[in-house]
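Below: one structure, written as structure tokens.
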Amino acid sequence: MEILLQIKRNLNSKKGFFISFEGGEGVGKSTQIDLLKKKLTSKKFNVVSTREPGGTKEAEQLRKFLVTGDKNAWDPYSESLIFNAIRREHVNKIILPAIKNGSVVLCDRFIDSTIVYQGLVGEVSKKDLLELHRKYCYNLYPDITFFLDLSPQKGLNRA
């Protein structure tokens with residue numbers, strides 16, 4: 001498995017490995033993360049799985065509000081700022097410490113979801129979103145991102 005070789009190369013340099021999974025609702029991100037976590041753990045890798053929005057105690061509270069609340073409660077610019085604040089805490093408290101510890105981080109969504117939801121859907125410019133990410137989230141990007149695809153209708157039916 002090519003991904004195992006890439007991870008081993010990174011871990012030999014004492015740096016962890018960061019993998020994100022992107023895709024619509026019901027596409028199977030959580031399922032694939034669980035499968036990869038089991039495989040990596042069986043190969044004796046230290047694995048941290050996390051998600052966005054969320055990852056930290058405080059962010060999980062905000063996630064609940066964002067996911068179940070009024071979808072028009074915030075305009076896309078405010079959402080962009082909220083998601084970047086949540087991401088900064090997530091990066092500071094979960095992702096970077098795990099990477100520095102040599103762990104493999106598996107994340108259900110990251111910056112690409114922000115570009116889709118607040119950018120393409122909410123019409124916040126990609127340039128502005130990437131600038132926020134650069135300035136406040138250390139310009140951190142996954143080593144690998146898996147984009148999972150499924151027709152939106154099938155995904156929503158599964159979700």
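As a basis for the values below, the full set of heavy atoms in this structure was taken, side chains included, without hydrogen atoms, waters or symmetry mates. Computed from a predicted structure; not experimentally measured.
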Check the hydrophobic clustering (I, L, V, M, F, W, Y; side-chain heavy atoms under 4.5 Å; chains of links allowed) and say if [X] and [Y] are grouped together.
{"X": "L150", "Y": "F147", "value": "no"}
{"X": "Y138", "Y": "I99", "value": "yes"}
{"X": "I111", "Y": "V116", "value": "no"}
{"X": "L96", "Y": "V105", "value": "yes"}

Presence of salt bridge, [Y] and [X], under 4.0 angstrom:
{"X": "E89", "Y": "R63", "value": "no"}
{"X": "R134", "Y": "E131", "value": "yes"}
{"X": "D34", "Y": "K29", "value": "no"}

Is any side-chain heavy atom of [X] closer than 4.5 Å to a side-chain heavy atom of [Y]?
{"X": "H90", "Y": "E52", "value": "yes"}
{"X": "T114", "Y": "D112", "value": "no"}
{"X": "L36", "Y": "I19", "value": "yes"}
{"X": "L130", "Y": "I115", "value": "yes"}
{"X": "W74", "Y": "Q118", "value": "no"}
{"X": "N92", "Y": "R88", "value": "yes"}
{"X": "Q32", "Y": "L148", "value": "yes"}

Euclidean distance, [Y] [atom2] relative to [X] [atom1], rounded to 0.5 Å:
{"X": "E60", "Y": "L62", "atom1": "CD", "atom2": "CG", "answer": "10.0 Å"}
{"X": "L40", "Y": "S49", "atom1": "CG", "atom2": "OG", "answer": "11.0 Å"}
{"X": "K93", "Y": "T50", "atom1": "NZ", "atom2": "OG1", "answer": "12.5 Å"}

Sidechain-backbone polar pair: [X] side chain, [Y] backbone, donor-acceptor under 3.5 Å:
{"X": "R87", "Y": "F110", "answer": "yes"}
{"X": "D143", "Y": "F18", "answer": "yes"}
{"X": "N84", "Y": "S80", "answer": "yes"}

_Just checking H133 against Y141, ring centres under 6.0 Å apart?_
yes
_According to side chain to side chain contact (heavy atoms under 4.5 Å, CB included), who are the partners of T41, at least two apart in sequence or on a separate chain?_
K37, V47
*With F146 via ring-ring contact (aromatic ring centres under 6.0 Å, His included) - residues at least two apart*: F21
*Closest heavy-atom contact between A59 and I86?*
CB-CG2, 3.4 Å
*Under 4.5 Å between side-chain heavy atoms, chaining through other members, with only Ile, Leu, Val, Met, Phe, Trp and Tyr counted: pull out the rest of the cluster around L81, sorted by chain and number.*
L132, Y136
*Could you check S30, S113, S20 and say which one makes a side chain to side chain donor-acceptor pair (under 3.5 Å) with D108?*
S30
*Go through L106 and V48 one step at a time and tell me if the side-chain contact (heavy atoms from CB on, under 4.5 Å) criterion holds.*
CA-CA 6 Å; L106 306 177; V48 172; over 6 Å; no
*Taking it one step at a time, do D128 and Y77 satisfy side chain to side chain donor-acceptor pair (under 3.5 Å)?*
CA-CA 10 Å; D128 288 346; Y77 294 90; 5.6 Å; no
